[in-house]
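Because the structure is predicted, anything quoted here is derived from the model rather than measured.
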Amino acid sequence: MAKREGNSSGRNRPYYFRGCKGKKSSTNIDSLSDELVFDILLNLPAEDICENAVLVCRRWSHMIRTHDFVKEHILHHSIPGLLILDYNREKKKNPSIFVAMRQGRIEVSEFNYKMRGNILACCNGLILEFYISKHALVITNPATKQHFDVPRFGRPNCSSMAYSTVSMKYKVVLTYHHGGDVSTLRCVIATVGVDKSWRDVCLQHLSFEAKNYLYMNPITTGGFLHWTRRHTHTSVVTLNVETETITQYPVPQGQDYEKRYKYYLSTGKSLSLFISNGSFSMEVWEMKSDTGEWSEMCTIDLESRKNEFDKLRCGKSPTLFYLAPASWLKYPEVVVLRVSHPSCVCIAYNVTTDEIDFLNLGSNCNNYEFELHTKTLVWLN
């Protein structure tokens, strides 16, 4: 069973730091070189840096806020994991869960940030929230507790966010339609911290089928957004947020592929596709976001181990019992699966070692949202 911690950072007690000024001691941190302090601070979790280290002295505060420090922390010392949110979170005091891999072990902990609205997207540690009470979009970094307002735009149907590595800017994308009428469909985009209004993305070249995909919530992979459908379909619609162009790419084709269930998951940097072969088996594909080229990764076949999942069956449920992918926990090794029946337990399956771990979320897993999330110091200047 996965290890559960008492708080989101996995600490037993908080860190305490000596000030940079004051009475000299045998170990005076003020005498440490900038390079050494930089390396020491890099090894702290984002929460500790924001809650403690940044308050020690001006020297540390200035160093932590530099672009070089934030970038280095993201690349090598941030904590990637899975943010799991209950649809019924309004009824719970702290319903969010954070799952991460540490030294080969799965750790489950509370996510100690109280969400103020609906979570629409996660990107590099930033969360796009929709404040229902204010009817506004807000970008939040739960680690730094900072918020950034997004320009208003009527009542969007779907919203998401992605990061352009070329311009090093975050962009928010909205889709809107009136009463399901495809002729009224719009896709608009704004650069965060730069634009005060929205500009349209051209949709004229898309097929009628592809335009209907834009009614769905997109999947973020780096600097791309992807609109997909789970059931019978033939393509994926991809937006490059740097060029602000949308392309329609075909999905893999094979025997009876059009009739099989399809599940799309973000790996963080690319789009993965799970094609059902049966109740306990599925093919896994990966798409290059910039070219739309697909390659087959592996086949997950747990048919011979289905007895291990019998305890997750609900005897009163009339529906077929099968496994469905929920999210990658650590790509390309560990994927989280959930069962079709009501169950508070989901499955962490290691594709490489064939190991299985059971994660108890406390309530029906089918009521949860699964979002890739990384605890970082990212902020929008």
Side-chain angles (χ1 to χ4, degrees), residues 121 156-160 162 173-177 179-189 200-301 320 322-328 331-332 335 337 340 370 372:
N157 298 103
C158 299
S159 309
S160 194
V173 178
L174 314 178
T175 56
Y176 166 85
H177 59 85
D181 182 0
V182 72
S183 65
T184 65
L185 180 66
R186 292 179 64 191
C187 178
V188 296
I189 191 168
D200 281 274
V201 176
C202 180
L203 306 177
Q204 294 180 355
H205 60 290
L206 296 181
S207 67
F208 180 82
E209 177 193 23
K211 289 180 180 178
N212 277 282
Y213 290 5
L214 301 187
Y215 296 161
M216 313 297 291
N217 289 319
I219 298 171
T220 302
T221 65
F224 298 84
L225 297 179
H226 309 273
W227 286 268
T228 66
R229 282 200 167 181
R230 175 174 166 180
H231 302 294
T232 302
H233 66 280
T234 58
S235 60
V236 170
V237 178
T238 297
L239 170 66
N240 183 325
V241 297
E242 175 63 34
T243 62
E244 301 183 7
T245 56
I246 285 185
T247 306
Q248 186 174 347
Y249 294 120
V251 299
Q253 300 298 316
Q255 184 177 6
D256 297 327
Y257 271 21
E258 291 188 2
K259 299 179 181 179
R260 301 185 198 176
Y261 270 169
K262 300 178 179 68
Y263 307 87
Y264 292 88
L265 300 180
S266 173
T267 70
K269 296 182 179 180
S270 61
L271 183 69
S272 62
L273 166 63
F274 292 71
I275 303 177
S276 175
N277 287 334
S279 298
F280 301 94
S281 176
M282 59 199 81
E283 298 174 19
V284 186
W285 294 72
E286 181 183 27
M287 187 187 91
K288 293 182 179 179
S289 298
D290 55 342
T291 65
E293 180 184 353
W294 291 94
S295 57
E296 188 170 3
M297 293 175 54
C298 64
T299 296
I300 296 175
D301 189 355
L320 179 67
Y322 59 90
L323 299 179
S327 178
W328 287 100
Y331 178 80
V335 63
L337 308 169
S340 56
F370 293 75
L372 292 180

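For the atom pair CG (L239) and OG (S289), the distance works out to 11.0 Å, reported to the nearest 0.5 Å. Remark: W294 CH2 to S270 OG distance equals 9.0 Å, nearest 0.5 Å. Separation of atoms CH2 (W285) and CE (M297) is listed at 12.0 Å; rounding is to 0.5 Å. Taking OG1 of T175 as the reference point, atom CG of L203 lies at 9.5 Å (rounded to 0.5 Å). Expressed to the nearest 0.5 Å, how far CE of M216 lies from CH2 of W227 amounts to 12.5 Å. Annotation: the span from L323 atom CG to S276 atom OG amounts to 9.5 Å, rounded to 0.5 Å.
L271 has its side chain within reach of V236: a pair of non-hydrogen atoms, C-beta onward, lies under 4.5 Å apart. The shortest side-chain heavy-atom distance between T221 and H226 falls under the 4.5 Å cut-off. The closest side-chain heavy-atom distance from E296 to V284 is not below 4.5 Å. Between Q248 and T238, the closest side-chain pair of non-hydrogen atoms is not below 4.5 Å. In this structure, P252 and L273 have side chains that are in contact, with non-hydrogen atoms separated by less than 4.5 Å. Under the 4.5 Å side-chain criterion, counting only non-hydrogen atoms from C-beta, V335 is in contact with I300. Looking at V237 and L214, their side chains come closer than 4.5 Å, going by heavy atoms from C-beta outward. Residues D290 and F224 have side chains in contact (heavy-atom distance under 4.5 Å, counting atoms from C-beta outward).
Counting only N and O atoms by type, the side chains of E286 and T267 include no donor and acceptor under 3.5 Å apart. Using a 3.5 Å distance cut-off with no hydrogens or angles, the side chains of T220 and S160 do pair a donor with an acceptor.
The two atoms that bring Y264 and R229 nearest to each other are CE1-O, 3.6 Å, heavy atoms only. Across C158 and N217, no two heavy atoms sit closer than the pair SG-OD1, 3.5 Å. In terms of heavy-atom proximity, P325 sits nearest to Y263 at CG-CB, 3.5 Å. Annotation for L372 and G268: closest pair CD1-N, 3.6 Å, computed over non-hydrogen atoms. Closest non-hydrogen pair, P218 versus L225, comes out as CB-CB, 4.2 Å. The minimum heavy-atom distance between I189 and V241, with the atom names listed, is CD1-O, 4.3 Å.
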Self-check item: side-chain contact (heavy atoms from CB on, under 4.5 Å) evaluation trace for F280 with D301
Solution: CA-CA 6 Å; F280 301 94; D301 189 355; 5.6 Å; no
Quiz prompt | Stepwise side-chain contact (heavy atoms from CB on, under 4.5 Å) check, K288 with T291 | solution = CA-CA 6 Å; K288 293 182 179 179; T291 65; 3.4 Å; yes
Practice problem: May I have the step-by-step check of side chain to side chain donor-acceptor pair (under 3.5 Å) for E283 and T299, ending in yes or no? | Solution: CA-CA 4 Å; E283 298 174 19; T299 296; 5.7 Å; no
Exercise. Applying side-chain contact (heavy atoms from CB on, under 4.5 Å), run through Y215 and L185 and close with a yes or a no.
Key: CA-CA 9 Å; Y215 296 161; L185 180 66; 3.9 Å; yes
Quiz item: When you look at F274 and W328, which way does the ring pair (Phe, Tyr, Trp, His ring centres under 6.0 Å) test go after all the steps?
Solution: CA-CA 12 Å; F274 292 71; W328 287 100; 5.7 Å; yes
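In terms of the side chain to side chain donor-acceptor pair (under 3.5 Å) criterion, residue partners of N277 (sequence neighbours excluded) are, by chain and number, R260. By the side chain to side chain contact (heavy atoms under 4.5 Å, CB included) test, T184 pairs with H177, H178, D181, sequence neighbours left out. Every residue two or more places apart in sequence or in another chain that forms a side chain to side chain contact (heavy atoms under 4.5 Å, CB included) with S159 is listed here: L120, L128, L137, P156, L174.
In terms of modelled atom types and a separation under 3.5 Å, the side chain of N240 and the main chain of T243 share a donor-acceptor contact. Checked by atom type and distance alone, the side chain of S340 pairs as donor or acceptor with a backbone atom of Y322 at under 3.5 Å.
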